Amino acid sequence: MGAMRKFFLVLMVALGSCLTAGAQGLDVTHFMRISPFQHIDLPSSSTIYNGYFSLPTGNIHAGVNLGAIRYNNLFETNAEGYPTVLTATRFVNNLSDNNYLGVAADMEILGFGFRINKRSFLTVDYRLRANLDVKYSRDVLGLPIYGNMAYVDEPANLDMNINLTAYQELGISFRHEFNDKVSFGIRPRLLFGIANLNTQSLSAQIYTDPTDYTITMDYYAAMRAAAIVPFTMTFNQQDGFNFDYNTDVKTILKNAGKNLGFGLDLGITFKPTEAFSLSAGVLDLGFLSWKTSTVAMTSYPDDAGNMYNNGSFTFSGLSASQIQALINGENISELLDTLAQYFPLEIAPTGKYTTTLAPRVVIQADYEFAKHHRLSAATQLRFSSHYFQPSLTIAYDGCFFNAFDLCVAYTMQRNLFDNLGVGVGFNLGFLNIYAGTQNIIAAFSVKNASQLTATAGIVFNWGHYKNWKEKYPKGEKSAKEEKKKDKDE
């Protein structure tokens with residue numbers, strides 16, 4: 001009963017911390033007993049195997065977090081489910097002041113792990129990872145839907161942050177049990193950057209004067225990009241925007257080892273009783289240094305005529321003759337060229353720059369209320385660029401006949417309370433097959449889904465670990481006898 005009280009105490013603390021922003025939570029397969037990949041999200045996690053080996057099919061994950069962008073918020077449908085009305089106002093009203101869109105992909109190309117001794121386990125893996133984080137304010141979508149007259153005498157604040165990073169990583173994970181109650185895990189990683197796009201600033205304020213309806217806009221944009229594929233970008237008034245790239249394989253392979261970085265994961269697990277454990281981890285501490293095909297892009301209002309006013313762009317409307325000319329299809333290109341002069345885009349090569357990973361903090365409590373049946377509660381705090389993303393996951397995992405694993409997980413985020421995850425796994429002796437999703441609802445009703453994820457893998461494993469020192473300090477029973485005892489039970 002004491003372990004159960006501890007479990008619910010951790011659950012309540014985690015619940016209080018998760019209702020402030022939206023994020024993608026821990027994957028449902030993280031809580032599965034047969035998964036050998038729990039060290040990815042918590043380096044101090046144990047595994048039931050003496051060793052495993054995986055190919056590119058070993059661990060594949062892809063996910064999209066749509067946040068408040070849902071089909072059923074955008075459309076009303078008829079009895080057959082076809083859209084009949086675009087409900088733009090309802091859609092904007094469901095947005096928060098700050099909104100999030102996330103895309104993540106992760107694939108293990110090659111990995112293996114083995115038990116060094118009774119208390120230590122070593123893992124080596126090579127993975128491909130890609131993450132896209134987009135933060136945007138409500139007015140980014142509210143302004144084009146409502147129009148500027150909805151913001152008379154009150155500025156529309158358009159703020160957006162974009163961070164796209166793709167990289168390879170070579171990681172070594174080491175877990176060690178100091179004693180029967182405390183274990184520690186560390187996972188250093190060498191990173192090789194593939195591509196990056198990130199905004200240093202992308203914001204604008206659009207103000208409509210309530211007396212004469214003059215529109216004033218202040219904005220500034222600054223972005224950086226890099227890739228192992230050699231590319232060039234140019235922009236000028238005469239030729240417009242031009243993008244060119246080189247697909248020479250030798251050059252790309254040479255560049256693949258130049259954008260170096262480092263990552264570090266740390267974790268600790270405390271197990272005061274046989275049934276209860278508490279774990280904490282700090283993940284994705286690190287950086288990437290970008291050196292290949294680096295460019296910087298900036299844009300801000302320029303003094304190109306009488307619509308420029310002390311660093312701002314002002315627009316008082318069009319004359320009747322100008323409106324009539326546009327209706328007749330005249331002078332459109334000239335007008336666009338004139339406006340483009342007020343909003344120049346400067347693109348220039350830049351030197352090396354550095355980006356950081358999105359650090360995470362994971363706190364997890366596990367309570368094994370029966371043999372091979374476990375309840376877990378885990379909160380994840382992710383600190384992406386300009387955004388704080390907590391989530392809480394409650395999970396049940398049960399392993400039946402030492403062959404079938406079933407996990408059900410529920411993830412809570414602000415404004416997103418429908419993420420019911422399901423994971424299944426089959427342990428066929430030396431072969432481990434598993435699959436899971438964070439939102440099973442999406443499989444039956446994509447229109448109502450806020451999160452779409454899928455994880456799957458096929459892993460070759462051997463041996464089930466037993467802590468002989470704890471159970472048989474004098475070695476009076478053999479492994480064969482223990483196996484017979486488990487079979488009889």
Side-chain angles (χ1 to χ4, degrees), residues 1-18 25-50 52 113 115-123 173-187 265-283 360-381 390-399 402 405-411 421 423 425 464-471:
M1 186 61 68
M4 196 66 174
R5 284 198 297 267
K6 293 177 184 177
F7 177 82
F8 280 109
L9 176 62
V10 174
L11 176 60
M12 292 300 101
V13 173
L15 177 61
S17 70
C18 79
L26 292 170
D27 191 81
V28 63
T29 58
H30 166 76
F31 302 96
M32 295 176 66
R33 180 175 180 268
I34 71 169
S35 172
F37 298 108
Q38 296 180 9
H39 67 280
I40 297 297
D41 291 313
L42 200 54
S44 57
S45 295
S46 62
T47 178
I48 64 174
Y49 306 112
N50 283 332
Y52 77 91
R115 195 168 300 283
I116 301 174
N117 52 46
K118 295 177 181 179
R119 296 192 179 275
S120 301
F121 196 93
L122 182 70
T123 300
S173 179
F174 177 74
R175 178 187 185 270
H176 179 72
E177 297 178 11
F178 293 108
N179 51 50
D180 297 338
K181 296 184 180 298
V182 179
S183 60
F184 172 77
I186 183 171
R187 185 169 178 258
D265 304 337
L266 300 169
I268 189 168
T269 296
F270 176 59
K271 193 172 184 179
T273 70
E274 189 66 26
F276 178 76
S277 65
L278 181 63
S279 304
V282 180
L283 313 170
R360 295 182 290 150
V361 175
V362 175
I363 301 173
Q364 180 172 323
D366 298 292
Y367 178 66
E368 191 164 349
F369 59 91
K371 186 177 181 180
H372 297 171
H373 293 271
R374 180 175 60 197
L375 287 175
S376 300
T379 184
Q380 176 178 253
L381 314 175
S391 66
L392 169 67
T393 302
I394 304 169
Y396 157 78
D397 179 65
C399 190
N402 281 326
D405 199 353
L406 173 65
C407 185
V408 179
Y410 177 63
T411 299
H464 281 234
Y465 171 63
K466 298 186 183 298
N467 194 332
W468 298 109
K469 185 175 181 180
E470 177 183 350
K471 289 191 175 181

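Just so we're clear, the structure is a prediction, and the values are computed from it rather than from any experiment.
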For the CG atom of Asp41 and the CD atom of Gln380, what is their distance to the nearest 0.5 Å? 6.5 Å
State, yes or no, whether a side-chain contact exists between Lys271 and Asp366 at a heavy-atom distance under 4.5 Å. no
Who passes side-chain contact (heavy atoms from CB on, under 4.5 Å) against Leu122, sequence neighbours left out? Phe114, Ile116, Ile172, Phe174
Looking only at heavy atoms, what is the nearest atom pair of Arg33 and Asp405, with distance? N-OD2, 2.9 Å
Before you tell me yes or no, could you show the steps for Ser44 and Thr269 under side chain to side chain donor-acceptor pair (under 3.5 Å), namely the whole-Å CA-CA distance, both residues' side-chain angles and the distance that decides it to 0.1 Å? CA-CA 6 Å; Ser44 57; Thr269 296; 2.7 Å; yes
Between His176 and Ser120, which heavy-atom pair has the shortest distance, and what is it? ND1-OG, 2.6 Å
Identify the heavy atoms of His373 and Tyr396 that sit nearest to each other, and give their distance. ND1-OH, 2.7 Å
Nearest 0.5 Å, what's the OG-CD distance between Ser173 and Gln38? 11.5 Å
If the condition is ring-ring contact (aromatic ring centres under 6.0 Å, His included), which residues does His372 pass it with, not counting sequence neighbours? none
Where do Cys407 and Asp397 come nearest, in terms of heavy atoms and distance? CB-OD1, 3.6 Å
For Asp265, the salt bridge (Lys or Arg N to Asp or Glu O under 4.0 Å) test, sequence neighbours excluded, returns Arg187, Arg189
Inter-residue atom distance Ser35.OG - Ile40.CD1, 0.5 Å rounding: 9.0 Å
Shortest non-hydrogen pair, Thr47 vs Pro36, comes out as OG1-CA, 4.1 Å
Rounded to the nearest 0.5 Å, what separates atom CD1 in Ile186 from atom CD1 in Ile268? 12.0 Å
Quick check for you: to the nearest 0.5 Å, what is the distance between Glu274 atom CD and Glu368 atom CD? 8.0 Å
Taking the inter-plane angle between the rings of Tyr52 and His39 on a 0 to 90° scale, is it parallel (under 30°), tilted (30 to 60°) or perpendicular (over 60°)? tilted
Return the minimal non-hydrogen interatomic distance between Cys399 and Ile34, and the atom names on each side. SG-CG2, 4.4 Å
Using a 4.5 Å cut-off on heavy atoms from C-beta on, say whether the side chain of Phe37 contacts that of Thr29. no
Show your working on side chain to side chain contact (heavy atoms under 4.5 Å, CB included) between Arg175 and Ser45 and close with a plain yes or no. CA-CA 8 Å; Arg175 178 187 185 270; Ser45 295; 5.6 Å; no
Distance, nearest 0.5 Å, that separates CG of Leu406 from CE of Met32: 8.0 Å
Check: Ser391 main-chain N/O paired with Thr379 side-chain donor or acceptor under 3.5 Å: yes
Check whether Lys181 reaches the backbone of Phe270 with its side chain - one donor and one acceptor, N or O, closer than 3.5 Å. no
